[in-house]
Amino acid sequence: MPRRYHAGNCSSCRQARLFLFRNLVTDDIYAHREECEWGYLTPAEIETKGGFLTLLEEFDADYAGSDAISRSVWANYKVVAVDDQDET
């Protein structure tokens, strides 16, 4: 399994982590909460509870890698690799 990165908790549902994904059509990196299906294109959208409902968008995505994250708006935001913390 590829290494997964997250950028904090979902500001919409407040239930779990926002994993970083790469839109395979546009190459945009966005934070996504798989359970409630909210997505955030920038860290500012998380803070302002902006974002978009990913179910209304038509594109394929995959977990974002560290190289792609480092070249995105998420580069200076606190991003944590799942493997780097205890999953208990």
Side-chain angles (χ1 to χ4, degrees):
M1 176 177 224
R3 189 169 222 186
R4 298 176 301 157
Y5 297 88
H6 74 86
N9 291 330
C10 181
S11 61
S12 294
C13 72
R14 300 189 185 278
Q15 295 295 315
R17 297 177 288 196
L18 291 164
F19 284 97
L20 294 177
F21 281 82
R22 182 174 65 90
N23 179 322
L24 298 178
V25 175
T26 65
D27 268 350
D28 289 332
I29 305 299
Y30 67 98
H32 180 222
R33 167 79 168 106
E34 292 178 301
E35 297 293 321
C36 72
E37 297 295 343
W38 276 97
Y40 304 89
L41 290 173
T42 67
E45 285 186 352
I46 296 172
E47 303 300 325
T48 62
K49 296 182 184 174
F52 63 101
L53 189 57
T54 60
L55 292 173
L56 300 178
E57 303 287 329
E58 189 78 29
F59 59 84
D60 289 327
D62 203 357
Y63 287 107
S66 61
D67 288 343
I69 293 168
S70 70
R71 294 186 307 270
S72 74
V73 298
W74 300 94
N76 295 320
Y77 194 73
K78 183 181 177 181
V79 174
V80 177
V82 172
D83 299 343
D84 292 344
Q85 66 180 11
D86 185 19
E87 286 277 330
T88 58

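Residues: numbered from 1 along the sequence shown. Reckoned from all heavy atoms, side chains included, excluding hydrogens, waters and symmetry mates.
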Residues forming a side-chain contact (heavy atoms from CB on, under 4.5 Å) with Leu53, sequence neighbours excluded: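 side-chain contact (heavy atoms from CB on, under 4.5 Å) check on Leu53 returns Glu37, Trp38, Leu55, Leu56.
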
Partners passing side-chain contact (heavy atoms from CB on, under 4.5 Å) against Glu47 (at least two apart in sequence or in another chain):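 Here the qualifying residues are Tyr77.
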
Single-linkage hydrophobic cluster, 4.5 Å side-chain cutoff, Val82 and Tyr30 together: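 Same cluster: Val82 reaches Tyr30 through Ile, Leu, Val, Met, Phe, Trp or Tyr contacts under 4.5 Å.
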
Spatial distance of atom CG (Leu41) from atom CG (Asn23) [nearest 0.5 Å]: 8.5 Å

Ring geometry between Phe19 and Tyr63 (parallel below 30°, tilted from 30 to 60°, perpendicular above 60°): perpendicular

Mutual orientation of the aromatic rings belonging to Phe21 and His32 [parallel < 30°, tilted 30-60°, perpendicular > 60°]: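 Perpendicular, since the angle between the ring planes exceeds 60°.
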
All pairs passing salt bridge (Lys or Arg N to Asp or Glu O under 4.0 Å) where residues 25-35 contributes a residue, at least two apart: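 For residues 25-35, and leaving out neighbouring residues, the salt bridge (Lys or Arg N to Asp or Glu O under 4.0 Å) pairs sorted by first residue read Arg22-Asp27.
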
Return the minimal non-hydrogen interatomic distance between [X] and [Y], and the atom names on each side.
X     : Y     : answer
Ala31 : Leu18 : CB-CB, 3.8 Å
Ala7  : Ile46 : O-CD1, 4.0 Å
Cys10 : Cys36 : SG-SG, 3.8 Å
Ala81 : Arg3  : CB-NE, 3.6 Å

side-chain hydrogen bond (donor to acceptor under 3.5 Å, both in side chains) partners for Thr42, two or more places apart: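 Once residues adjacent in sequence are excluded, Thr42 has no partner under the side-chain hydrogen bond (donor to acceptor under 3.5 Å, both in side chains) criterion.
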
Any residue meeting side-chain hydrogen bond (donor to acceptor under 3.5 Å, both in side chains) with Asn9, in chain and number order, not counting sequence neighbours: none

Heavy-atom check, side chain of Trp74 versus side chain of Leu20, under 4.5 Å: yes

Residues forming a ring-ring contact (aromatic ring centres under 6.0 Å, His included) with Tyr40, sequence neighbours excluded: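 With sequence neighbours excluded, Tyr40 shows a ring-ring contact (aromatic ring centres under 6.0 Å, His included) to no residue whatsoever.
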
